[in-house]
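Data first, discussion second: the structure below is written as structure tokens.
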2 protein chains.
Amino acid sequence: MSKSKRLLDLMMTVNRKRKFKVQELADEFGVSKRTILRDLQELSELGVPLYSEVGPHGGYQVLNERILPPIAFTEEEAVAIFFACHALRHYSYLPFEAESSSALSKFYYYMSGDIRDRIDQMKNRVDFVTPRRQNEFPYLSILLDGALNQKVILIDYGSREGAACRKIQPVGIYASNGLWYCPAYCFLRQDYRVFRCDRIHSAVYDNSGTEPLDLREVHLENRELFQQEEQGGARLRLQAELTQAGVQQCEAELWLASKLHIRDNGSGWLEGEVPRYDLPFLAQFFIGLGKGATVKHPQELIDEMKRRLTELLSRY
Amino acid sequence: MSKSKRLLDLMMTVNRKRKFKVQELADEFGVSKRTILRDLQELSELGVPLYSEVGPHGGYQVLNERILPPIAFTEEEAVAIFFACHALRHYSYLPFEAESSSALSKFYYYMSGDIRDRIDQMKNRVDFVTPRRQNEFPYLSILLDGALNQKVILIDYGSREGAACRKIQPVGIYASNGLWYCPAYCFLRQDYRVFRCDRIHSAVYDNSGTEPLDLREVHLENRELFQQEEQGGARLRLQAELTQAGVQQCEAELWLASKLHIRDNGSGWLEGEVPRYDLPFLAQFFIGLGKGATVKHPQELIDEMKRRLTELLSRY
DNA sequence: AGAGTTTATGACAATTGTTGTCACCATTAT
DNA sequence: ATAATGGTGACAACAATTGTCATAAACTCT
């Protein structure tokens, strides 16, 4: 590897591991300590703010925190980053305390003129829309902190039937369709549940001494694996036939993903288990699909749909 | 001046003056043409996308890469940028040709260790979910280009009733709920229409000589102002009462934003004009709202809903 | 105090890289 | 045709880089 390339690499490496020893880099780059020392001095001369301390626990450090080295983004990349940040503006609540708009304006400000022009042009022509809700999500930060640092949290949770205090340990948070959700281990139910964050009316760290679980291996993507098996009898087998239009609508529903099957011609069917307490919701959902779906099973669901249809009809 | 320093300088210089001749740089850096040629080749190998043309008026050009000057992001900002880009991974089709993931990995790679740790921790704990659709959107780029550069485009548009060729001039594109839409001026209808991009089965630039309109002032945010007044009789006055639950569902619907009114207690109502041809869609939509909505007006809509409800009931 | 760790610097020789020059080619606009 | 421009190869003079070794200094921990 040529020296020039090594210097560039070194620059990145050094910026990555803010603290390091000469020997470490020497091994990493396959050159002698002496060479690395000389390289580091050269980096210093090129403006990287290095600082060193001798002795055990000493080593090199990059000062001047969080200055990113010159990054070469392609125009496309810069534009993509811009629009990704731009899309966040639809969220009035974010788990990060800082305004994402400040990052955006910095980014914009530093970009050279013609990329700026290009972004200006595109700004009003490309958008990632998220429904703007009026709901409030004041506790995102504390929930996220709980997830990151394995903390138990007490929340006041107002589901439709009334408010209740719950002791939970968050797994993470996610936004979907303009609403924030928090999958968490619920100490009351002794299983994982998803909480809608706008229904959380207060959240404080638990100090009753409940031992946090070790959820470091449980996260958003894999949490379903850790779900307890539901008690027998509480679940129903769902089966429904879908037209093409029905399939399209169901594809948008995350909770259906595992149950949806699609045929080559675009039509499909739903098959899987659902908890009994979801019946009211499911009934309304399938009514909303209209002719797109025909429920085959369970009979209870069909009955509930009929009841609701009749009720609606009688209203007009 | 050492070679390494010269290379870094050259990188900047080359990025500043996007077009240049070898002799020019040779003079500037006080070295021979041969050396500059060798340096340029090395820059190429380091990833700077250089392109050259021989002959008079030829010379070197930097294609699309830029060096951003060192930017100081706060930790929060860096994290926000990262997650914004991260969220784009849910989109399998983007109007930008480059993978946003390449930008992401660069950004990630250059970030100093502790921010990196923080991001690693958060990566599995925060997400912005977008429904993953199977639909294909191969023509986003051409539509966007049409919007940016005022071009007329011919598309094959397959609505439910069958495919048809349309001549349009795009205003922009936007993603909502996992689907891409393209508001555009339709030369057939002589008005603005929104097209669903996955129903566009082909798209080519029009070469029949149709004069493009000047839509530079028309963009995603303000396009509704430019809508033609519909011919009398084709529009209907819509009025519906909403419960709290109904309001929540309607908030997620963009096209309702201008018609939705909310009371202090969380309930609300819908009021506004809708085109008559939307009746079937509206009927299904209000049925989907169930008890959340009570349609007051127009009678035609109520009739259509009754008809559909009866039909559904008869199915079970 | 002493052992151990770490950065810092200098000297030197072997090796490796860099540079300019020159000759020549290919392409292209005028 | 001519001139401008990039592209390549060879080569020798020169310069830089590198590893090794020796030595020093600062610091920590026992």
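Below, chains carry the letters A, B, ... as their sequence lines are ordered, and counting in each starts from 1. Keep in mind that this is a model prediction, so the values were computed, not measured. Basis for what follows: all heavy atoms, side chains included, without hydrogens, waters or symmetry-related copies.
Between the NZ atom of K5(B) and the C1' atom of dT19(C) there is a distance of 19 Å, rounded to whole Å. The interatomic distance linking R34(A) (CZ) with dT15(C) (C1') rounds to 17 Å, in whole Å. When rounded to the nearest whole Å, the span between NZ of K21(A) and C1' of dT28(D) equals 12 Å. Distance, K3(A) NZ to dA15(D) P: 16 Å, rounded to whole Å. A straight line from CG of L40(B) to P of dT19(C) spans 12 Å, rounded to a whole angstrom. Whole-Å rounding puts the Y51(B) OH to dT27(C) C1' distance at 12 Å. The separation between Q41(A) atom CD and dT17(D) atom C1' is 14 Å, rounded to whole Å. One interatomic measurement links the two molecules: CG of L37(A) to C1' of dT9(C), which rounds to 9 Å at whole-angstrom precision.
For the pair I168(B) and L143(B), the minimum side-chain heavy-atom distance is below 4.5 Å. Residues D39(B) and K3(B) have side chains in contact (heavy-atom distance under 4.5 Å, counting atoms from C-beta outward). Counting heavy atoms from C-beta outward, T13(B) and F29(B) have side chains that approach closer than 4.5 Å.
On a pure distance criterion of 3.5 Å, a polar donor-acceptor pair joins the side chain of R38(A) and the base of dG19(D).
Each end of the helix from dA1(C)-dT30(D) to dT30(C)-dA1(D) gets its own axis from five base pairs, and the two axes differ in direction by 50°, given to 10 degrees.
In this pair, F187(A) and Y185(A) present their aromatic rings perpendicular. The plane angle is above 60°, beyond the 30 to 60° band. Relative ring orientation between H86(A) and F82(A) is described as parallel, the plane-to-plane angle staying below 30° on a 0-90° scale split at 30° and 60°. Taking the six-membered ring for Trp and thresholds of 30 and 60 degrees, F20(B) and Y60(B) have nearly parallel ring planes, at less than 30 degrees apart.
With dG19(D), dG6(D), dG20(C) as the candidates, the nucleotide lying closest to the side chain of S32(B) is dG20(C). In the set dT6(C), dT18(D), dG20(C), the nucleotide with an atom closest to the side chain of D39(A) is dT18(D). Of the candidates dT7(C), dG19(D), dT19(C), the closest approach to any side-chain atom of R6(B) belongs to dT19(C).
If you find the closest nucleotide of DNA chain D to H57(A) and to V31(A), the one lying nearer the 5' end belongs to V31(A). Between E53(A) and I36(B), the residue anchored closer to the 5' end of DNA chain C is E53(A), taking for each the nucleotide with the nearest heavy atom.
Using a cutoff of 4.0 Å between basic side-chain nitrogens and carboxylate oxygens, K123(B) and D120(B) are scored as salt-bridged.
Between T35(B) and dG20(C) there is a side-chain polar atom (N or O) within less than 4.0 angstrom of OP1 or OP2. For the OP1/OP2 pair of dA8(C) and a distance below 4.0 Å, the side-chain nitrogens and oxygens of S52(A) include at least one atom meeting the criterion.
When heavy atoms are screened at a 4.0 angstrom cut-off, K33(B) is found touching no nucleic acid atom at all.
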